[in-house]
Amino acid sequence: MFKIIDDINAGLGITKAAPVEKDFASVLRSYYDQFEGIDFIDEETSYAKSVWVYLCVNFIASNIARLPIDVARKRFDGEDVDVSDHPDFRIFKSPNAWQTKYDFIMESVARLLIQGEMYWELQWNGRRLDSVFADWRREEVKILRGKDRPILGFERTYAGKKQTFTPEQVFFIKCFNPFNNPHGLGPISPAAKSISIENAVFDYIRQLQKQGMKLSGVLTTENTINRADIIRLENTFNKMYSSARNAGKAAVLPKGMDFKTIDCMSMRDSEFPFLKKVDREEICAAYGLSIEVFGLGNTTFANKEAARRQAWDDTIIPLMTKIEALVNKSLMPALSDQDAFIKFNTSGVEILKEDRSKKVKDYVAGFNTGALTPNEIRQEVYGLDPIDDDAMNSTYLPFSVTPANGDDADEDRGETDAAPLPSPAVARALPAAKNALALAPVFKDTTYDQRTRIWRAKIARIDRHEDLFNRKMKSFFRKQRRAVNDKLNEIARSRSAAANTKDPHGISVNDIFDIDFWIGELAKIGEPLIVDAFLASMEEWVTGDIEISDSIVIDAIGERVANMSRFINDHTGTLIQGVLRDATIENLGIPAIARRIKDSVFDSSITDVRARRIARTEAVGASNNGTQVGLVRGGWERKIWITSRDDNVRDHHLIDGQVVPVDGMFRLVDGSRREYPNDINERCIHHGTRQPVTI
């Protein structure tokens with residue numbers, strides 16, 4: 001008796017067909033456990049022969065390669081200016097003469113994922129980078145190291161020739177490797193055992209299928225047979241009756257011989273599904289992916305979409321961030337002195353849009369409730385850098401859509417138990433005292449509710465001044481925009497050659513913005529409005545007629561008008577100066593400068609916010625100023641601070657009910673002192689009182 005195939009199975013430890021999958025896995029893994037830590041096949045072979053490595057690498061690399069690469073620089077006001085078309089950054093659109101940007105990035109990322117490291121060979125023409133190549137293989141490169149610097153250079157052996165490169169000629173990225181610095185450790189290394197087992201399973205299945213999935217058979221005879229006859233019978237029998245193409249043939253055996261089969265493997269058993277499932281999951285996990293990404297496994301549309309979003313969040317975006325950070329740190333400063341940076345543009349990635357839409361919805365809800373600032377939304381939703389401006393770091397509420405904290409913003413959220421503002425009809429019905437002395441008993445011991453009614457009545461009257469001021473300021477900014485544009489057109493016409501209109505050099509802010517003229521113009525507009533708000537509050541506290549020629553009144557109003565006019569126009573001039581500085585760096589022509597000033601300084605969304613903020617600041621400030629003068633002139637001894645009741649009060653203004661002498665100073669929470677409420681976007685007021693001093 002002899003067995004043709006049983007010897008092979010016995011060598012693999014297989015005794016029955018049913019448990020073959022488990023037994024084969026156990027034996028094969030035990031075999032590879034003897035070589036723990038050794039890569040059984042090289043990286044390129046893994047990529048070429050493992051379908052899962054190929055799928056993972058191509059999925060990640062192709063998704064990154066298809067993204068546009070934006071190049072930008074920071075403008076003076078914190079906004080990003082796109083400079084992708086600048087000649088210094090041409091390589092991010094056309095890296096070399098024979099590759100597209102897609103092919104170049106695809107190759108670069110694939111090499112990083114396969115080799116654990118990636119090299120860009122930089123070819124310079126003077127200071128400008130002409131070409132970049134990413135075709136270096138890890139085994140070709142020797143990294144030259146020194147004591148003082150981690151990398152002194154690179155030595156590449158290609159086509160039998162060695163060439164040395166300085167660090168300035170090579171841009172190098174690697175995956176973290178704790179065992180062999182500075183070389184990288186790619187995902188293939190931890191997945192090497194699974195890849196090798198997967199390939200071994202494939203080879204075994206291929207060989208098994210040549211036998212028609214028959215694991216064993218027995219030829220028996222009562223005769224004596226020598227070794228040569230055994231080999232001859234084995235070869236003849238395999239040739240005539242094994243493999244799928246001979247399935248079903250009738251066997252003709254020599255006299256005295258008999259053939260008996262044992263259980264055959266099914267097609268499913270022959271593919272070792274459990275073992276293959278484990279290996280593919282391990283390989284995908286090494287790349288930070290799940291098999292659902294490829295529409296395999298128990299995949300539905302919903303979990304495929306979720307898997308792809310997770311792949312972007314956990315794998316692709318972190319890898320992009322790594323590449324961006326290293327390029328911006330090591331390569332961009334060598335390309336240009338514009339402080340530029342690159343960023344992969346993910347706005348066109350459909351799989352992220354739904355997630356971003358949900359995120360935008362959630363963040364907008366947080367913004368509308370005063371929980372989030374615009375800068376937090378820029379960073380968390382859009383991945384943009386914060387803008388260094390108090391208004392962008394402030395919270396907002398729908399009541400006024402103005403900043404809710406900071407010295408240059410609306411007042412921060414304070415008491416939450418205040419009643420909402422009354423409607424205009426109710427506000428107009430509240431009594432306004434011509435002579436507040438007649439109401440002395442009411443103010444002798446004011447309660448919270450009484451202070452709330454006083455605040456509502458006062459703000460309702462101030463709102464009339466604020467609305468008029470707001471309209472005047474919007475008109476003023478439109479007038480400034482037209483005047484600046486006319487000045488730029490005049491300069492353009494005065495230049496003889498058309499080419500000169502492209503040269504922004506020589507234009508100063510004084511050429512197009514006469515600050516002294518505009519200070520005078522704004523004073524003409526603002527003075528009547530400030531006088532109206534000032535006197536309306538002052539007359540509440542003074543018995544008899546008010547002398548407008550009173551030096552105290554004139555000085556107070558004159559100082560407010562002068563400070564307002566100077567501050568607002570200084571800020572406008574600073575904004576214009578920043579645009580001109582950027583124009584010089586970017587070599588913008590006069591038409592482009594005009595558009596930039598319109599968009600960055602006089603855009604309606606900008607001027608509307610500025611006008612609203614100025615109107616509130618000046619209307620409330622002038623009114624409180626008038627109250628202070630009126631209290632002094634009216635003989636009042638003490639004054640009380642009344643915090644705004646619209647939930648927009650700064651933290652350091654939370655001193656509701658504090659009483660001080662009329663010529664004294666209120667003490668704020670942060671230790672600062674105020675004669676009366678007078679901050680930017682102020683909404684608190686003060687009032688005369690008979691109550692005792694509290695500080």
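All values derive from a computational prediction rather than experimental measurement.
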cation_pi(Arg616, Phe469) dist<6.0 Å, angle<=45: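 Cation-pi check for Arg616 and Phe469: fails.
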Does this structure show an ion pair linking [X] with [Y], if we count only N-O contacts that are shorter than 4.0 Å?
X	Y	answer
Glu466	Arg683	yes
Glu540	Arg461	yes
Lys93	Asp85	yes
Arg674	Asp679	yes
Lys524	Glu521	yes

Under 3.5 Å donor-acceptor, [X] side chain and [Y] backbone:
X	Y	answer
Ser565	Val561	yes
Glu682	Asn678	yes
Thr617	Asn681	yes
Thr694	Val659	yes
Gln658	Arg667	yes
Arg610	Ile568	yes
Ser475	Arg471	no
Lys639	His686	no
Arg638	Arg690	yes
Thr643	Asp656	yes

Spacing of [X] atom [atom1] and [Y] atom [atom2] [to the nearest 0.5 Å]:
X	Y	atom1	atom2	answer
Glu324	Lys343	CD	NZ	4.5 Å
Leu488	Ile512	CG	CD1	4.5 Å
Ile317	Phe344	CD1	CZ	12.0 Å
Ile342	Asp70	CD1	CG	9.5 Å
Ile685	Thr627	CD1	OG1	7.5 Å
Arg560	Asp555	CZ	CG	14.0 Å

Please find the pair of heavy atoms, one from [X] and one from [Y], that lie closest to each other, and give the distance.
X	Y	result
Gly621	Tyr676	O-CE1, 4.0 Å
Val662	Gln628	O-NE2, 2.9 Å
Ala583	Ile593	CB-CG1, 3.7 Å
Arg612	Asn470	N-OD1, 3.4 Å
Val83	Ala340	CG2-CB, 4.4 Å
Lys458	Ser623	CE-OG, 3.1 Å

[Y] versus [X], side-chain donor and acceptor atoms under 3.5 Å:
X	Y	answer
Asn375	Thr373	no
Asp449	Thr447	no
Ser508	Asp511	yes

Intermediate values then yes/no, side-chain contact (heavy atoms from CB on, under 4.5 Å), Trp518 and Lys479: CA-CA 10 Å; Trp518 291 114; Lys479 183 178 179 181; 4.0 Å; yes
Aromatic contact, Trp636 with His687 (centres under 6.0 Å):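 No, they do not, as the ring centres are separated by 6.0 Å or more.
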Proximity of Trp641 and His653 rings by center, below 6.0 Å: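 Here the rings of His653 and Trp641 have centres that are less than 6.0 Å from each other.
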The single option from Val531, Val629, Asn625 passing side-chain contact (heavy atoms from CB on, under 4.5 Å) against Ile557: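 Considering Val531, Val629, Asn625, a side-chain contact (heavy atoms from CB on, under 4.5 Å) with Ile557 is found only for Val531.
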Aromatic plane relationship, Phe567 with His571 - under 30° parallel, 30 to 60° tilted, over 60° perpendicular: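 Because their plane-to-plane angle is under 30°, the rings of His571 and Phe567 count as parallel.
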Check: Ile459 and Trp455 side chains under 4.5 Å, non-hydrogen atoms: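 With C-beta onward as the side chain, the pair touches.
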